[in-house]
Amino acid sequence: MALPSARMLDIKLLRTEPDLLVSTLRDRGVRLFEDLTEGDWARASVDRLAELDGQYRSLLQEEESIRREMNENATAMKAVGKLPKEEQAAARTPLIEAGRVLREREKDIKVKAEAAMNARDEAWGHMPNITHPDAPRGHTDDDHRTTHTWGTPRDFESEGFAARDHLQIAEDLDLVDFAAGSKVVGAKFYYLKNDAVLLDLALQRFALDIAAKHGFTLHITPDLARVDILQGLGFNPRGESTQVYSIADSDLCLVGTAEITLGGMFADSILDREELPILVAGLSHCFRTEAGAAGKESRGLYRVHQFTKVELFAFVEGDLEVSEAMHERMRDIEEEIFQKLELPYRVLDIASGDLGGPAYRKYDIEAWMPGRGEYGEVTSTSNCTDYQARRLRVRYRTEAPADGKKSKGKNRFVHMLNGTAIANTRTILAVLENHQQEDGTVRVPEALRPYFGKDAISRR
RNA sequence: GGAGAGGUGUCCGAGUGGUUGAAGGUGCCAGACUCGAAAUCUGGUGAGGGUUUACGCUCUCCGAGGGUUCGAAUCCCUCCCUCUCCGCCA
């Protein structure tokens with residue numbers, strides 16, 4: 001399903017809204033060209049893009065005009081068959097000769113046009129999505145806007161004991177085996193043990209039930225996907241600082257999230273409008289290389305190479321009002337989950353520089369993590385508008401305008417949204433740390449007990 | 001892993017190297033009939049790109065990529081995928 005060219009944003013924006021693209025690049029801090037990084041690099045980048053686009057289009061027109069001549073030549077050849085037999089040979093000869101010449105010219109121009117297109121798309125492919133007007137602008141973690149908080153972190157001091165971090169709790173209750181993980185696989189792999197196994201499964205089931213309650217169709221997805229699907233969703237498996245594990249001698253990658261497998265489900269298809277919105281939830285394992293992520297957050301379960309996650313995904317009509325409403329809804333579902341788990345959190349409206357390529361707007365939920373004494377990311381939900389849909393060609397047929405005319409509906413790109421229901425390791429971390437008790441056990445929140453089967457996590 | 005079949009438009013499904021962008025059906029839209037609906041009948045309906053104020057003109061697309069030819073859905077090569085049967089296996 002190779003794409004003719006990478007069209008992450010509507011290329012027409014380059015001709016109609018260059019200023020919007022300039023501010024997009026500026027807000028996101030995305031440099032498209034290595035030699036354009038100083039001064040008004042954003043403006044210069046868009047100018048160069050426009051130039052590359054112009055070069056391609058003029059070559060394309062040249063190529064098409066030759067094609068038309070070739071077609072005319074072939075049509076003329078057909079007419080020869082109607083001439084008297086003795087005249088046919090004489091009529092054919094010049095046409096065959098003309099056809100040969102045209103074919104050579106076409107081959108030549110085709111190579112040039114293709115090269116021009118690749119040059120344009122190479123740069124265009126790195127153009128990120130435009131940004132929601134209300135999303136904060138900036139490039140550091142301090143630029144995120146806290147929209148609201150929920151719950152109050154416990155005051156362990158007043159409760160009379162010192163909070164332990166999840167590593168300590170896990171060791172005390174024999175819940176995680178990091179040593180075996182690094183021996184058998186490598187650093188940042190782990191085995192869950194004992195009650196942690198049951199907690200992991202309980203969280204999965206708990207999240208799936210909430211997803212189903214909200215109308216999401218449940219899936220267990222593959223843990224691998226093709227490279228072109230990953231690219232369609234805006235992931236870069238080939239980059240040098242990639243987060244993606246690739247399978248040798250194949251075009252497959254281990255998925256870093258079920259966003260990939262869910263989002264790819266309708267690649268290359270035209271949906272009926274009545275089917276929308278399509279809400280799917282997917283349970284998958286997630287694999288991340290975490291290249292260059294060594295540092296203070298690397299201990300324990302916070303940043304690991306493999307975890308299990310329940311992901312929410314939505315395909316909605318290609319209308320900002322619709323997708324923005326769905327985005328709020330997905331964030332609400334995430335909040336519902338963490339409220340039921342009784343975990344204090346704050347919600348961040350992510351700043352432009354940290355949105356990544358596909359997202360138009362992104363909300364993160366950060367749960368309170370007593371072991372670190374700060375909030376840490378546990379979920380993330382993005383409205384990617386039509387950015388991913390363009391590359392994957394996920395469209396839907398709009399209704400014909402009710403004007404009584406014979407005009408029919410147009411095909412439009414859907415808007416695609418994703419969000420975390422539960423990322424297991426980080427949620428386990430938050431549950432252990434927030435609900436630890438003085439006696440060393442961990443209280444299981446009410447909502448989770450039917451799934452966990454007990455009211456406390458304890459040592460076996 | 002062995003043997004075979006096939007990949008065509010929203011979907012299903014025809015297709016002889018040259019009025020085939022593609023029969024037929026389905027779906028959809030409009031109209032007729034009807035109190036209304038169903039059924040029936042008539043007509044219209046593929047996608048993407050370039051160009052144009054617009055009407056329009058034009059290019060590409062029949063799994064993907066090459067090749068043969070004046071001309072390829074149709075012939076050749078490579079690859080991918082799907083299905084059926086057999087074997088193996090959780």
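Letters A, B, ... mirror the listed sequences (proteins, then strands); counts begin at 1. The analysis underlying the following values was restricted to heavy atoms, covering all of them including side chains, and did not include hydrogens, waters or symmetry mates.
- The separation between A:L252 atom CG and B:C80 atom P is 12 Å, rounded to whole Å.
- Pairing for B:G27 goes to B:U45, judged as Watson-Crick or G-U wobble with the two contacts each under 3.5 Å.
- For A:R331 and A:Y363, the positive end sits near the middle of the six-membered ring, less than 6.0 Å away and at most 45° from its axis.
- B:G17 and B:U74 are spaced 11 Å apart, taking the P atom of each and rounding to whole Å.
- The minimum heavy-atom distance linking A:P358 with A:Y387 is given by the pair CA-CD2, 3.2 Å.
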Please write out each protein N/O paired with an N/O of nucleotides 7-11 of chain B under 3.5 Å, distance rounded to 0.1 Å.
unit_1 : atom_1 : unit_2 : atom_2 : d
B:U10  : O4'    : A:R397 : NH2    : 2.9

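- For the pair A:R15 CZ and B:U52 P, the interatomic distance rounds to 10 Å; values are reported in whole Å.
- Residues in residues 206-219 of chain A take part in these salt bridge (Lys or Arg N to Asp or Glu O under 4.0 Å) pairs, two or more places apart or across chains: A:R205-A:D209, A:K213-A:E336.
- Using Watson-Crick or G-U wobble geometry with both donor-acceptor distances under 3.5 Å, B:G1 finds its partner in B:C86.
- When the P atom is used for both B:C61 and B:G25, the distance is 28 Å, rounded to whole Å.
- Applying the Watson-Crick and G-U wobble criteria (two distances, each under 3.5 Å), B:C79 pairs with B:G63.
- Computed from coordinates, the A:D251 CG to B:G65 P distance equals 15 Å when rounded to whole Å.
- Between A:F216 and A:V280, the shortest heavy-atom distance links the atoms CD2-O, 3.3 Å.
- For the P atom pair drawn from B:A72 and B:C59, the interatomic distance equals 13 Å after rounding to whole Å.
- If you measure from atom CG of A:L60 to atom P of B:G48, you get 17 Å, rounded to the nearest angstrom.
- Checked for salt-bridge contact, A:D19 and A:R43 meet the test: a charged N lies under 4.0 Å from a carboxylate O.
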Could you go through the salt bridge (charged side-chain N to carboxylate O under 4.0 Å, His left out) check for A:K110 and A:E63 one step at a time? CA-CA 6 Å; A:K110 184 181 177 181; A:E63 183 188 353; 5.9 Å; no

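- Distance, A:E64 CD to B:C61 C1': 13 Å, rounded to whole Å.
- Nucleotide B:U51 is matched to B:G56 when pairs are restricted to Watson-Crick or G-U wobble geometry with both distances under 3.5 angstrom.
- A salt bridge is defined here as a Lys NZ or Arg NE, NH1 or NH2 lying under 4.0 Å from an Asp or Glu carboxylate O, and A:K454 with A:D195 meets this definition.
- Counting non-hydrogen atoms under 4.0 angstrom, A:R412 reaches nothing in the nucleic acid.
- Across all strands shown, A:N71 has heavy atoms under 4.0 Å from sugar-phosphate atoms exclusively, and none from any base.
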Report all interatomic pairs (protein N or O, nucleotide N or O of nucleotides 70-74 of chain B) with separations under 3.5 Å.
unit_1 : atom_1 : unit_2 : atom_2 : d
B:C70  : OP1    : A:R100 : NH2    : 2.9
B:C70  : OP2    : A:R103 : NH2    : 3.3
B:C70  : O2'    : A:N73  : OD1    : 3.4
B:G71  : OP1    : A:R103 : NH1    : 3.4
B:G71  : OP2    : A:R103 : NH1    : 2.6

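- Pairing each heavy atom of A:L254 with each of A:I247, the nearest pair is CG-CD1, 4.1 Å.
- Aromatic ring centres of A:F287 and A:H305: separated by at least 6.0 Å.
- If you take NZ of A:K110 and P of B:G49, they are 19 Å apart, rounded to a whole angstrom.
- Between the CZ atom of A:R390 and the C1' atom of B:A47 there is a distance of 15 Å, rounded to whole Å.
- Atom-to-atom, CE of A:M117 to C1' of B:U60 comes out at 12 Å; the value is rounded to the nearest Å.
- Under the Watson-Crick or G-U wobble criterion, with both distances below 3.5 Å, B:G21 has no partner in any strand shown.
- Under a 4.0 Å N-O distance rule, the pair A:R68/A:E64 does not qualify as a salt bridge.
- Summary of the strand contacts: A:Q61 and A:S65 both lie near RNA chain B, and taking for each the nucleotide with the nearest heavy atom, the more 5' one is attributed to A:Q61.
- Within the shown strands, nothing qualifies as a pairing partner of B:G9 under the Watson-Crick or G-U definition with both distances less than 3.5 Å.
- Using the Watson-Crick or G-U wobble rule with both distances under 3.5 Å, B:G36 pairs with nothing in any strand shown.
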